Amino acid sequence: MSILVNDNYNNLEKNYLFSNIAKKVNAYVAANPDKKVIRLGIGDVTLPLTKTVIEAMHKAVDEMADQSTFRGYAPETGYDFTIKAVQNHYASFGVELASNEVFISDGAKSDCGNITDIFGDNEILIPDPVYPVYMDSNIMCGRKINLVDANQENGFLPMPAGVEKKSYIIYICSPNNPTGAAYTTAQLKEWVDFANETDSIIIYDSAYEAFIKEDYPRSIFAVEGARTCAIEICSLSKTAGFTGTRMGWTIVPAQLVRSNTELNPMWNRRQSTKFNGVPYIVQRAGEAALSEQGYAECQENIAYYMENAKMIADVLDEKGIWYTGGINSPYIWLKCPNGMGSWEFFDYLLNELQIVGTPGAGFGKQGEGYFRLTSFGSHEATAEAVERIRKTL
Ligand code: PLP
């Protein structure tokens, strides 16, 4: 007799992607100490928090030191001032949200995983390749997962045409990690119509919405019909450099009903039971990041990263290498040249050009033969890597 454990964990594929990369890079550096390796695989921000955010955090720290302004537990769904800041942010691109539809969280990864709590044993529909958390969190609860192929033919933006019509939990990430591809409003409308027609739910990850500069929707709720079929998960991690500060939000519209149950109060109950709120200091930082001045500063940082993306995109254009992303997203997803496989190209870039990127095969089967470069490095390092590619590739 023994305690039963969650056997579903045995079904997880060992995720060797980043440890394999680290092993190969460490071995190369040890064998070639004189060579300068440039990392263009970074999925984390590198610029520090902005001035307005830091000032707000310092002020909040001082408040915590004074009995009259000290705060204990934060409200589970967020302070009113943070919720208001998120509502204003959405209003700036034309999406009106009620205050009780916004749930402040400690980031998108947690909520991408936590959201499975409010659903039963549904089938899941996930694009391949994609951010691995959607897949793994559903494997952990034993769900049946259906993959929908993203590939060069569909611009790495799979559409519902051809998907068997039944109810699914559908995961959509736009702009996408790893491919950098972004859905247009018309394309998202097809997914929204599919979801409403089949009684499905879309979990929409908009973690990279702040990188959109062209005419793409910043939120699924900019698409007509989404309020009856979608939940949106977003984060300040990439918008404001909060990867180590931790704040995001989840939007559950009041109209969202499945199996005669309103999902908004259900998510509220879930959060109130299992989550004790984001720290006051962090919520003040988040409010500051979304203020007019704070957001302008965040956009300066994003513009810095996007100059890197442009440098990378330009050299790929020169070389005639196919890619997506890099315009409305910090990620560039390219086809490995000369028919190389993802890992083959990884080895080539590391050994010949001393550049580290991320093999597309690590994000799903359809990623084989593709490769992810990111723009989160410095201008200097990116420019040097780009020069190496220009000369040698
Ligand atoms: N969603 C996507 C698509 C991501 O790429 C990431 C981080 O890389 C996250 C969510 C996680 O964001 P957070 O730092 O808010 O947990």
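Ligands are counted one by one from 1 in listed order, and the atoms in each one are counted from 1 as well. Everything numeric here is computed off the predicted structure, so don't read it as measured data.
- In summary, the side chains of Tyr79 and Glu287 do not present any donor paired with an acceptor at a separation below 3.5 Å, with no hydrogens or angles considered.
- Tyr171 contributes no side-chain N or O that, together with a main-chain N or O of Tyr131, makes up a donor-acceptor pair within less than 3.5 Å.
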Query raised in the report: Going through the checks in order, is the ring-ring contact (aromatic ring centres under 6.0 Å, His included) test met by Phe275 and Phe103?
Result: CA-CA 11 Å; Phe275 185 57; Phe103 296 84; over 10 Å; no
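- Taking the six-membered ring where the residue is Trp, Phe345 and Phe371 present perpendicular rings, their angle passing 60° and hence far from 30°.
- The main-chain N or O of Cys112 is never found under 3.5 Å from a side-chain atom of Asp205 such that the two would form a donor-acceptor pair.
- Each of Gly107, Ala108, Lys109, Tyr131, Tyr134, Cys173, Asn177, Asp205, Ala207, Tyr208, Ser235, Ser237, Lys238, Arg246 has a non-hydrogen atom positioned under 4.0 Å from some atom of ligand 1.
- Judged by distance alone, the side chain of Asn176 and the main-chain N or O of Ala181 form no donor-acceptor pair under 3.5 Å.
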